[in-house]
Structure formats: structure tokens, C-alpha cells
Amino acid sequence: MDPSELFYTSLSAFTTRHLLVFGSIFILFRLSRQILWPYVFSPLRVIPGPPIIHPILGQFPTLLHGVCGFLKRSWSSRYGSVVRFVGPFGVERVMFLSPQALHKILVSDWQEYPKPDFVRNILGVSAGWGLLTETGDVHRQMRRNLNPAFSITSLAERERHNSSFLLRCTFHLAETDMYYEPTYGLVEILNEGIEAEPTPSLGKVFYTYEWLSKATLDIICLAAFGYRTDALHNPDNELADAYHNLVNTQSLLNLAIFSFFMSIPGVVLMMKSKWMTAHLYLLKKITLLAPIATLFESVDRIKRISAEMLREKMSDTDVAASDADSKRDILSRLVRMRMSNAGKGDQLSDETMMEQVITFLGAGHETTATGLAWTLWLLASHPDIQAKLRAEVGHMVEHNPRPDFRTLKQMEYLDSVVMESLRIMPPVPMTLRRCAKDDYIDNVWIPKGTMLYIAIRVVNTFKEVWGDDAEQFRPERWAELPKKYNPTFSLLSFLAGPHSCIGRTMAIAEMKAVLSILITNFEFEPAYVGQIIRPTAAITMKPADNLPLRIRLVRQAPS
Ligand code: HEM
């Protein structure tokens, strides 16, 4: 027989059935190798860590049911400052806790430890393709362009250089007045709710997180866009509604499904397409994928509204004209900076600016709401600390109902309460990095591709640094920090290094401003005896039950 004839005959004998058999064998081989990998082949086997409790899901079932960060904390006390654990499908993660290792991963060699692709994809689709997703030189340049809009120049410097345009416009971010309109709006709503109760002196239970989330959305929209959402009074506000839906999709299970879904080749491109946006209802029909459809729908709405705001800002000639009083939002400042840098080459494009601003909304709204909610919980469960804080801030707010940045900075106990709350209940409890090359970290050999788990909550409460009472809420510790405290690596709530939070100063000032007004006006208590909190173990550690708290009036709000 002619060889080509032989080839075609054998090809036609190769039926779909054969293809299925070979395909299944290949998948089984890959899967078994993947599952056997952490037990038999992995060079990371030598690192101490918990035993694998499920052959396919690894530690995932325990993590799913445990309290966010608690299990990792117990592993760190048991196995030390380098721990290896296994996630679904044999994917290993290594957790490093020592300042030296964290310095290498986050600061000195940060370019070798980028965010894993699936994390970038999740952040990109939910909070914009900007600072949070870029790395390397592109990130460095973006950050250089954006830093001036966030930096807080010291008062002394401002006084010395008060003729400089840049210093005048950067300091505005520290001027806290844009935080107070929504905060007093919230005070009014809580007041009215309590007064409308049959016995106002007993106070009323509110879903605290829900209200704080509306207030912080109003604040970030004012600060980022100069735009009034008024989510506090307007439940139908489209942006607030979109964020509400987006935030409600957060859970560890959804995060795992989302990560898996986004890691399927081609899915990211497909999800970015207009066709998919128009056909999200198809995903909604599949129960497991329905939250993903909701997430994409919400992000699409957020992008449409943000694009509209950006267009308005670009066509607003006043933005360029005034660097002073009225246009102090981040976007106006970016537009002005771009105009003053015209022709210099490395400017932000329209699209990049829009993605950045979506990033600011996403990264700056839920995180701050979560931080405030947990602070109120900690104060509710420590009435003595709450009373001490009220004594400090109440006196000041009585004389000055809108304390500025400098006044807030001077209140030491307020500062200690906020830092202590961010320490034990960090709104972002963890993040991930991936090794881009083989390397030694803390004298442990880590092969290229290994996933590194940056355990923010565990580092913040590491007993070796913070002492035996590391897990307790004790603001007084900030007046005398432990000897082993390292200013960069003992508190990772805003991370460290080139990817550390650009909004740190703003977030702390905002938390202090909101907290000082709320604590002056209200007393916070657990909603019921024996209340148990439920922090979500997802991108942020928001309270899964929206944190019901009983709120009572202290006295009338200062006029
Ligand atoms: C209490 C409030 C906040 C907390 C706890 C927080 C925490 C963090 C953390 C842990 C990261 C690092 C994430 C990673 O690399 O894996 C981060 C990055 C970031 N945050 Fe925040 N954040 C807060 C508020 C804000 C605010 C108010 C803004 C903006 C208005 C903001 C904007 C950003 C941006 C743009 C990044 C990316 C920075 C980069 O990679 O260069 N954050 N934040």
C-alpha cells in the first residue's frame, strides 16, 4: 500500500472515541501528577507546614470554614516563620513572616515577586487596570505620575513654600473638610433612626457596615471626582447600587471559583469583550457562575458612570483654571498635572486616568468602610476604651466640629485606637505574590512559579514581635512599642515597598475624622449578648453580616 494511503487509512480509523480516550488519559496523567506533586515531587516538601487534609482540595475545606487568618496564625505558632501549605489541585503556597524575607519580597527584589496573574485579573476586572495590576517599569512610571496627588506635605514645609503650586495642591488632600459632609449626614440618619424608636434611650440596632459603606462611598466620590453620590440619602444611586452588588459577591468560595474561572485560557479576553457584557445573563443561568456575572455587570455600570464623570471633568475648563479652593478632588488634580506637564512625554492617557480613578474608588471605599466597622466593633466590645476615646475627641469636637488634619494628628489616643484596630483587624487580611525566578528566601530554596502568601493579619499579630497579648485590642501599646517592632514590617496593613498603599495617609485621616464625630455623638454596643463577629476571608475582610451594633445617643450633634 502507498504510504500516504496507509496514513489516511489509519487517520480515519482514529475516531472521536480514540480522541476522548487519549484526552482523558492525558488529563488523568496531568491531574494525578498535580495531586501527587506536593506529596512526592515538590522541593517545597521539606518546609514545615500542616498535613494535607484533602487529596484534591488541600487545606481549602478548613480555610473555608475557619475564621480569616486564625488558622495561619496557629500554623505560624506551630511551625515557625516559614510555613508551607497546599491549596486546591496541589498548588502550594509558602508563608514568610520574618522582616528579612518580607523586605526581599516586597522591597528590595519586588520586581521578582509580582502579583500572580489570576490575582491581577481579579483585581483588574473588579477594580480597574491601574496601579493595582501593573508592575515593573510601567508601575513605577504610573506611581511617579500619581504620587503628587496623594502626598501630604508637612505643615512646616507648606509654610516655608506656600507659593508653590504643587505644595498647595498636594496639601489639600490632607484638609479633611470633604470627609465631614457625609459624616454629618450619617450622624443625622442615625439620630433620626434612634429618635423614631418607641424608647429612644435604648438606642437602635443598625447594620453598621452598610451605613459606613455608603458614607465612605460618598467621601471617596467627593475626594476622587468632586462628585456627590449622596448614597446615604439616595438608595437608588446607581454607583452606590453597583458597589453594593459588587461587594456582596465577596466570599472565599466565590473568590476560589472566580480564580479558577479566570485562569482558564482565553476567559479574561472573553470577559473583556463587548459580546460577553451583553450576554452576561447566560452566566447567570449557571448557579456557580452567577456571582461572577453580577460582578461583571456591576463593574460595567461603575465604568460607565466613571467615564461620564471623567468626560465632564475633561471638558470643565474651571478645572484647569483653579488649583485652589473649589476643584480639589484627585481627578481634577490629575487633569491639572497633565496640563502642566503637556509635551513632556510620560503623561497619563484618558483611558489610564479613568482606570486609575476606578482603582481609587474600588481600593479606597470598601477598605476604609471595613476599617471603620471593625474599629466600632472593637470599641463596642471595650466600653472602657470607648469612654477614654470619647473623653479625648469629645472635648475637641465640641470646640471644633470639623477638625482639620493637624488637629486630628495631635489626638494621640485617637491615633492609637485607629492603628491598633488596623493592626488586629486589617481590612486587607492577606495578599499573594509569585516568584518570577528560582531564589533563596530566608535560606530556603524557592523555585520559580511558587506562590507566596503575604499573611498581613498574621504578621500584625505575630507574638514574637507583639508579645503574648498580640491578639488583644490594647491601644495603649502604641504609646510604648515593643522592642522588636519594625516600623515597616511589623504592621503590614498597608503593605510595604513600591506596591504599598498609595492612599494610606488619606485612609487614616478619613478614619480619624469619621470616628471622632461618631464617637462624640453616639455610644456603640454589641447588638446582642454573646455577639460573634464574622469577618469575610476574601479580598477585604468586611463583616459578612454587615455588623449589627446597638447605637445610643450621647447627646445632640454639635451644630
Ligand atoms: C483602611 C484603608 C485601606 C487599607 C487597609 C488599604 C490597604 C492596601 C493594601 C494592603 C495594598 C497592597 C495590595 C497588594 O499589593 O497586594 C493597597 C494598595 C493600594 N491601595 Fe490601599 N488601602 C486602604 C485605603 C486606600 C485608599 C483610601 C486608596 C485611594 C484613594 C487606596 C488605594 C490603593 C492603591 C491605588 C493601591 C495599589 C498601590 C500600588 O500597587 O502601587 N487604598 N492598599
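On a predicted model such as this, the values are computed, not experimentally measured, just so you know. In listed order, ligands and their atoms are each counted from 1.
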ask   = Is Arg474 salt-bridged to Glu420, cutoff N-O under 4.0 Å?
value = no
Which atoms from ligand 1 have a heavy atom of [X] less than 4.0 Å away?
X: Ala507; value: 1 (C), 2 (C), 24 (C)
X: Val428; value: 7 (C), 10 (C)
X: Pro427; value: 5 (C)
X: Leu132; value: 36 (C), 37 (C)

inquiry  = Do Phe405 and Thr505 make a side-chain contact, defined as non-hydrogen atoms from C-beta onward lying under 4.5 Å apart?
reply    = yes
query = So between Ser500, Ala223, Gly503, Ser493, whose heavy atom ends up nearest atom 9 (C) of ligand 1?
reply = Ser493
inquiry  = Just to be sure I'm reading this right: ignoring hydrogens, which of Ala496, Pro426, Pro498, Ala363 gets closest to atom 25 (C) of ligand 1? Compare them by their nearest heavy atoms.
reply    = Ala363
Select one of side chain, backbone, both or neither to describe which atoms of [X] lie under 4.0 Å from any atom of ligand 1, heavy atoms only.
X: Arg433; result: side chain
X: Arg504; result: neither
X: Arg143; result: side chain
X: His139; result: side chain
X: Ile220; result: side chain

Would you say the side chains of [X] and [Y] form a donor-acceptor pair under 3.5 Å?
X: Asp439; Y: Tyr113; value: yes
X: Asp442; Y: Ser98; value: yes
X: Ser493; Y: Arg423; value: no

key: ligand 1 contact by Met142, heavy-atom criterion under 4.0 angstrom   = no
ask   = Taking N or O atoms only and a 3.5 Å limit, does His499 qualify as a polar contact for ligand 1?
value = yes
query = Less than 3.5 Å between some nitrogen or oxygen of Thr431 and one of ligand 1, yes or no?
reply = yes
task = Determine whether the aromatic ring centres of Phe96 and Tyr453 lie less than 6.0 Å apart.
result = no
ask   = Between Phe524 and Trp377, is the ring centre distance below 6.0 Å?
value = no
Students should be able to answer this: which protein heavy-atom is nearest to [atom], and at what distance?
atom: atom 4 (C) of ligand 1; result: Phe494 CE2, 3.5 Å
atom: atom 24 (C) of ligand 1; result: Thr367 OG1, 3.5 Å
atom: atom 26 (C) of ligand 1; result: Gly364 CA, 3.3 Å
atom: atom 35 (C) of ligand 1; result: Ile502 CG2, 3.5 Å
atom: atom 13 (C) of ligand 1; result: Leu495 CD2, 4.3 Å
atom: atom 20 (N) of ligand 1; result: Cys501 SG, 3.2 Å

In this structure, are over 12 heavy atoms from other groups packed under 6.0 Å from [X] atom [atom1]?
X: Lys303; atom1: NZ; answer: yes
X: Tyr207; atom1: OH; answer: no
X: Glu412; atom1: CD; answer: no
X: Arg140; atom1: CZ; answer: yes

task = Evaluate the ring planes of His139 and His499, with Trp represented by its six-membered ring, and classify them as parallel (under 30°), tilted (30 to 60°) or perpendicular (over 60°).
result = tilted
